[in-house]
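Notes for the one structure printed next.
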Amino acid sequence: MNNNHLIDVKIGLLLWKTSNLWQSKLRNVLEEYNLTLNEFIILETLFMSQDEGIAQIYISKSSGVNVSVISTVIKVLQKKSLIKRKSDLDSRKKIIELNENGSILIKKILPFINEVENNIFMKLGKDEINFVNSMKLILGKKIRIKAEKK
């Protein structure tokens, strides 16, 4: 009998399994703070943004989360008193900002999330940049290759 399991030979299954591992580990951390992964991703995007407030479309482009999901999650984050939403000059465009509670929470959570991600991806070692670039290529994004210093 062949010892090659499908999970060992199918790139898509390996990618799916890796994504599931990452999501599971992050969800374990976020569960303590009563946050979903999508809620965290939106809070992190707002926290990392240099702008005072950003629109939902920017959050979507920056995080990869679908705009309709963002719209739903933003309402939940408002109810949890973690963000504020206000109208831009164009009243159809809503600007989203972290409020003080959201900022405190994300600063509290980020070190734990970073530790989990480091534990998962440090196994890549020097190949991390190649891994990231490979995923970007699959997604049709441009990659930047840095020259090694000698």
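Hydrogens, waters and symmetry mates are skipped; everything else that's a heavy atom, side chains included, is used.
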Check for me, please, whether Met48 and Leu26 land in the same ILVMFWY cluster - side-chain distances under 4.5 Å, paths through other members count. yes
Could you list who else is in Leu139's hydrophobic cluster, with ILVMFWY side chains joined at under 4.5 Å, directly or through other members? none
Within a reach of under 6.0 Å around CZ of Phe47, are more than 12 heavy atoms found that belong to other residues, nucleotides or ligands? yes
So which heavy atom on Ile96 is nearest to which on Leu46, and how close? O-CD2, 3.5 Å
All side-chain contact (heavy atoms from CB on, under 4.5 Å) counterparts of Lys25, not counting sequence neighbours: Leu21, Val116, Ile120
Hey, could you give me each pair passing side chain to side chain donor-acceptor pair (under 3.5 Å) that has a residue in residues 31-43? Not counting sequence neighbours. Glu39-Lys80
Could you walk me through whether Ile70 and Ile42 satisfy the side chain to side chain contact (heavy atoms under 4.5 Å, CB included) test, starting with their C-alpha distance in whole Å, then the side-chain angles of each, then the deciding distance to 0.1 Å, before giving a yes or no? CA-CA 8 Å; Ile70 288 172; Ile42 290 171; 3.9 Å; yes
Among Ile113, Leu105, Thr45, Val29, which residue satisfies the side chain to side chain contact (heavy atoms under 4.5 Å, CB included) criterion with Phe40? Ile113
Side-chain heavy atoms of Leu77 within contact of Leu43, under 4.5 Å: yes
Listed by chain and number, what are the side-chain contact (heavy atoms from CB on, under 4.5 Å) partners of Met135, not counting sequence neighbours? Leu15, Phe131
Hydrophobic cluster identity match, Phe121 and Ile41, side-chain contacts under 4.5 Å: yes
Restricting to pairs with a member in residues 103-116, which pass side chain to side chain donor-acceptor pair (under 3.5 Å), not counting sequence neighbours? none
Which residues share a side-chain contact (heavy atoms from CB on, under 4.5 Å) with Asn101, sequence neighbours left out: Ser81, Leu82, Asn99
Any chance you could measure Ser71, atom OG, to Ile59, atom CD1, to the nearest 0.5 Å? 10.5 Å
Nearest 0.5 Å please: distance from the CG atom of Asn28 over to the CZ atom of Phe112. 14.0 Å
Side chain to side chain donor-acceptor pair (under 3.5 Å): pairs with one or both residues in residues 116-138, sequence neighbours excluded: Trp22-Glu117
Of all residues at least two apart in sequence or in a different chain, which pass the side-chain contact (heavy atoms from CB on, under 4.5 Å) check with Leu6? Val9, Lys10, Leu13
Would you say that Leu110 contacts Glu44 through its side chain, given a criterion of any heavy-atom pair below 4.5 Å between the two side chains? yes
Quick test of your reading: applying side chain to side chain donor-acceptor pair (under 3.5 Å), list the pairs with at least one residue in residues 55-68, sequence neighbours left out, ordered by first then second residue. Asn66-Ser68
Work out which heavy atom in Leu37 is nearest to a heavy atom in Leu30; give both atom names and the distance. CA-CD1, 3.7 Å
Would you give the length of the straight line joining atom CG of Asn20 to atom CD of Gln23, rounded to the nearest 0.5 angstrom? 6.0 Å
Under the criterion side chain to side chain contact (heavy atoms under 4.5 Å, CB included), I'd like the reasoning laid out for Arg85 against Ile74: C-alpha separation, chi angles, the key distance, then a yes or no. CA-CA 9 Å; Arg85 210 166 127 176; Ile74 282 174; 3.6 Å; yes
